[in-house]
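The structure appears below as structure tokens.
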Amino acid sequence: MTAKRILLIVGGGIAAYKACELIRLIRKAGMSVRCVLTEGGAHFVTPMTLAALSEQPVHTSLFDLKDEAEMGHIQLSRQADLVVIAPATADLLAKMAAGISDSLATTLLLATDKPVLAVPAMNVRMWQHAATRRNVTQLRADGVTILEPDEGPMACGEYGPGRLPAPEAIMVAIHAHFSRSDVLAGRHILVTAGPTHEPIDPVRYLANRSSGKQGFAIAGALAALGARVTLVAGPVVLPTPPGVTRVDVETAREMAAAVDAALPADAAVMVAAVADWRTEISAEKIKKTGDGTPPTLAFTENPDILATLAASPARPRLVIGFAAETEKLIEHATAKRARKRADWIVANDVSIDLMGGETNSVHIVTADGVESWETLPKQAVADRLAARIAQALA
Ligand code: C5P
């Protein structure tokens, strides 16, 4: 990864300030970054900011003699390993789709022979406008990778999809781009991730601390190896990794149904922290009694999605479970592997790495024994596991 070079085009939008953090993250990942700032972008961040953060000259004009003498625009367009546009405005997308080259950024985009990753950010109506929809479809057909914008409150006061994804999510897409291959092409892999919520009444639910990060990273890593990935996700606020089909669910029973509906699959990686129990759901909000008597919740066991899948006639060839334990990790994981008829159990000690963190220390329990990995960022655990899955399915 160390030698990778990014050409970052910063378009004109309020989200341009997030490009500053993105530059920091790109460099932290060991890649170099050279910035092109559009005229619009320069209204939101200064060339000085980008130059200081990237420690590279910033290019702004097609007709800057000094710029052209140092590095011509054609060379600039060819020298990077990946061109990233963040934020990609409606205007930039439209000009790219039409092949217009009326500025340094648009000329580079027309002249480049390198892959392009566009990260749009714009007002929700602009994003949803028929013209933008058309341009996005055209650009995707042309081979441009376009991330979906985030949904949320916008700087203009409106609400909807159009926000620039977090710089961390853009980094995931950049990493995915560089680790892309097709060793899993033609395979369908099912991944469950996140917690489940079990409602108690219309306003309350039982949940757990699962963040979904590890499962989402695994889904993304498998897609990057060319697999068709169905990600059945419990309630989490995480961006869908590029190339992954996501099915959102709330409860364990909904997750079980979604897993069933997604079959057949070549492999299943069950990362979700499924609630073991559910309660009867009160139709009305449970009220305090006034005399201090607490309500009684009657629990019913939820279906074990992993065990059911592993015992079913539609069992994927490779079934992988996770085991988060606070004690006797290997012993419990080994027993779980047998009990649930999983091929592998990925055991992680949640007494060290509390759920929700950025790293994970895991042990892979298989028929051949236990393989312990050093503590790694969740993305690295995902990449390694995806590579091992590819090997097993080969
Ligand atoms: O029994 P435990 O919850 O520790 O097992 C963890 C493994 O089983 C994980 O892979 C989890 O996704 C899966 N599981 C499941 N359905 C359940 C409970 C756990 O698929 N109801």
Could you pull out every donor-acceptor pair under 3.5 Å between side chains of residues 155-162 and any protein atom, sequence neighbours left out?
from	atom 1	to	atom 2	distance (Å)
E158	OE2	N123	ND2	3.1

For this session: Using the rule that two of Ile, Leu, Val, Met, Phe, Trp, Tyr join whenever any of their side-chain heavy atoms come within less than 4.5 Å, decide whether L147 and I6 are in one cluster.
Result: yes
Exercise. Hey, quick one: are L329 and V381 part of the same hydrophobic cluster, counting side-chain heavy atoms closer than 4.5 Å, chains of contacts allowed?
Worked result: no
For this session: Start with the C-alpha gap between W373 and N360, add the side-chain angles, then the distance that decides, and say whether side chain to side chain contact (heavy atoms under 4.5 Å, CB included) holds.
Result: CA-CA 9 Å; W373 294 356; N360 215 347; over 6 Å; no
Problem set entry | Non-hydrogen atoms of Y17 and V45 that approach each other most closely | CA-CG1, 3.9 Å
Problem set entry | Side-chain heavy-atom pair K4, H175 within 4.5 angstrom cut-off | no
Seminar exercise, completed: With sequence neighbours left out, the residues meeting salt bridge (Lys or Arg N to Asp or Glu O under 4.0 Å) with E374 are R384
For this session: Taking only Lys NZ, Arg NE, NH1 and NH2, and the carboxylate oxygens of Asp or Glu, determine whether R5 and D81 approach each other closer than 4.0 Å.
Result: yes
Exercise. At what distance, to the nearest 0.5 angstrom, does CG of L376 lie from CG of D383?
Worked result: 10.0 Å
Exercise. Taking the side chain from T300 and the backbone from T279, do they hold a donor-acceptor pair closer than 3.5 Å?
Worked result: no
Exercise. Hey, is E21 close enough to K18 for a salt bridge, meaning N to O under 4.0 Å?
Worked result: no
For this session: Kindly give the heavy-atom pair with the smallest separation between P120 and M122, and that separation in Å.
Result: CB-CE, 4.1 Å
Seminar exercise, completed: With sequence neighbours left out, the residues meeting salt bridge (Lys or Arg N to Asp or Glu O under 4.0 Å) with R315 are D343
Problem set entry | ring-ring contact (aromatic ring centres under 6.0 Å, His included) partners for H197, two or more places apart | Y205
Problem set entry | Atom pair CG/CZ of L37 and F44 - distance to nearest 0.5 Å | 11.0 Å
Exercise. Quick check: does any side chain N or O of N135 sit under 3.5 Å from a backbone N or O of A131, one acting as donor and the other as acceptor?
Worked result: yes
For this session: Report the C-alpha separation of V350 and R209 in whole Å, then their side-chain angles, then the decisive distance to 0.1 Å, and conclude whether the side chain to side chain contact (heavy atoms under 4.5 Å, CB included) test is met.
Result: CA-CA 11 Å; V350 285; R209 291 188 193 280; over 6 Å; no
Could you pull out all donor-acceptor pairs under 3.5 Å where a side-chain atom in residues 216-243 meets a protein atom, sequence neighbours excluded?
from	atom 1	to	atom 2	distance (Å)
T230	OG1	H188	NE2	2.7
T240	OG1	R246	NH1	3.0

For this session: Flag the pair L8 / C35 as yes when at least one side-chain heavy-atom distance between them is below 4.5 Å, and no otherwise.
Result: yes
Exercise. Side-chain contact, heavy-atom cut-off 4.5 Å: L306 with F322?
Worked result: no
Problem set entry | Intermediate values then yes/no, side chain to side chain contact (heavy atoms under 4.5 Å, CB included), C20 and L50 | CA-CA 7 Å; C20 302; L50 303 186; 4.3 Å; yes
Problem set entry | pair T145-H177: side-chain heavy atoms closer than 4.5 Å | no
For this session: Flag the pair M255 / P303 as yes when at least one side-chain heavy-atom distance between them is below 4.5 Å, and no otherwise.
Result: no
Seminar exercise, completed: In short, salt bridge (Lys or Arg N to Asp or Glu O under 4.0 Å) pairs touching residues 287-304 with sequence neighbours left out are D304-K340
For this session: Mind listing the closest non-hydrogen atom pair of A386 and L184 along with its distance?
Result: O-CD1, 4.4 Å
Exercise. For the hydrophobic clusters of this structure (ILVMFWY residues joined by side-chain heavy atoms under 4.5 Å, transitively), does one cluster hold both I345 and I364?
Worked result: no
Problem set entry | ILVMFWY network linking L25 to L164, side-chain heavy atoms under 4.5 angstrom | yes
Exercise. Do I85 and M96 pass the side chain to side chain contact (heavy atoms under 4.5 Å, CB included) test, and can you show the C-alpha distance, the side-chain angles, and the key distance before you say yes or no?
Worked result: CA-CA 11 Å; I85 319 171; M96 275 173 87; 3.6 Å; yes
Exercise. D201: what forms a salt bridge (Lys or Arg N to Asp or Glu O under 4.0 Å) with it, not counting sequence neighbours?
Worked result: R204
Problem set entry | Side-chain donor/acceptor of T89 to backbone N/O of G12, under 3.5 Å | no
Exercise. Would one find more than 12 heavy atoms of other residues, nucleotides or ligands at under 6.0 Å from atom CD of E39?
Worked result: no
Problem set entry | Atom of A392, atom of L318 and distance for their closest heavy-atom approach | CB-CD2, 4.0 Å
Exercise. Just wondering, more than 12 heavy atoms not from E371 lying within 6.0 Å of its CD?
Worked result: yes
Problem set entry | Check: A275 main-chain N/O paired with N302 side-chain donor or acceptor under 3.5 Å | yes
Exercise. How far does CD1 of I26 sit from OG of S54, to the nearest 0.5 angstrom?
Worked result: 9.5 Å
For this session: Measure the shortest side-chain to side-chain distance between Q79 and R34 over non-hydrogen atoms and say whether it is less than 4.5 angstrom.
Result: yes
Exercise. If you round to the nearest 0.5 Å, how far is NZ of K328 from OG1 of T334?
Worked result: 13.0 Å
For this session: Just grab all the salt bridge (Lys or Arg N to Asp or Glu O under 4.0 Å) pairs involving residues 133-142, residues at least two apart or on different chains.
Result: R140-E148
Exercise. Any sub-3.5 Å donor-acceptor pair from S282's side-chain atoms to I286's backbone N or O?
Worked result: no
For this session: Output yes when a side-chain donor or acceptor of R341 lies under 3.5 Å from a complementary backbone atom of A307, and no otherwise.
Result: no
Exercise. Taking a hydrophobic cluster as the set of Ile, Leu, Val, Met, Phe, Trp and Tyr residues connected by side-chain heavy atoms closer than 4.5 Å, whether directly or through intermediates, do I23 and V84 fall within one such cluster?
Worked result: yes
Problem set entry | Residue pairs involving residues 86-100 (criterion salt bridge (Lys or Arg N to Asp or Glu O under 4.0 Å); sequence neighbours excluded) | D91-K95, K95-D102
Seminar exercise, completed: With sequence neighbours left out, the residues meeting salt bridge (Lys or Arg N to Asp or Glu O under 4.0 Å) with R339 are none
Exercise. Under 4.5 Å between any side-chain heavy atoms of I305 and M270, yes or no?
Worked result: yes
Do any side-chain atoms of residues 108-117 form donor-acceptor pairs under 3.5 angstrom with protein atoms, and if so which ones, sequence neighbours left out?
from	atom 1	to	atom 2	distance (Å)
T112	OG1	S77	O	2.6
T112	OG1	K114	N	3.1
K114	NZ	R78	O	2.4

Exercise. From L22 CG over to I174 CD1, what is the distance, rounded to the nearest 0.5 angstrom?
Worked result: 5.0 Å
Problem set entry | Distance (rounded to the nearest 0.5 Å) between L206 CG and I200 CD1 | 4.0 Å
Problem set entry | Within-4.5 Å side-chain heavy-atom neighbours: K336 and V365 | no
For this session: Identify the two heavy atoms, one from N208 and one from A273, that lie closest to each other, and give their separation to 0.1 Å.
Result: ND2-O, 2.9 Å
For this session: Taking all heavy atoms of L7 and all of L76, pick out the closest pair and write down the distance.
Result: CD2-O, 3.7 Å
Seminar exercise, completed: salt bridge (Lys or Arg N to Asp or Glu O under 4.0 Å) pairs touching residues 41-63, sequence neighbours excluded, are R27-E55
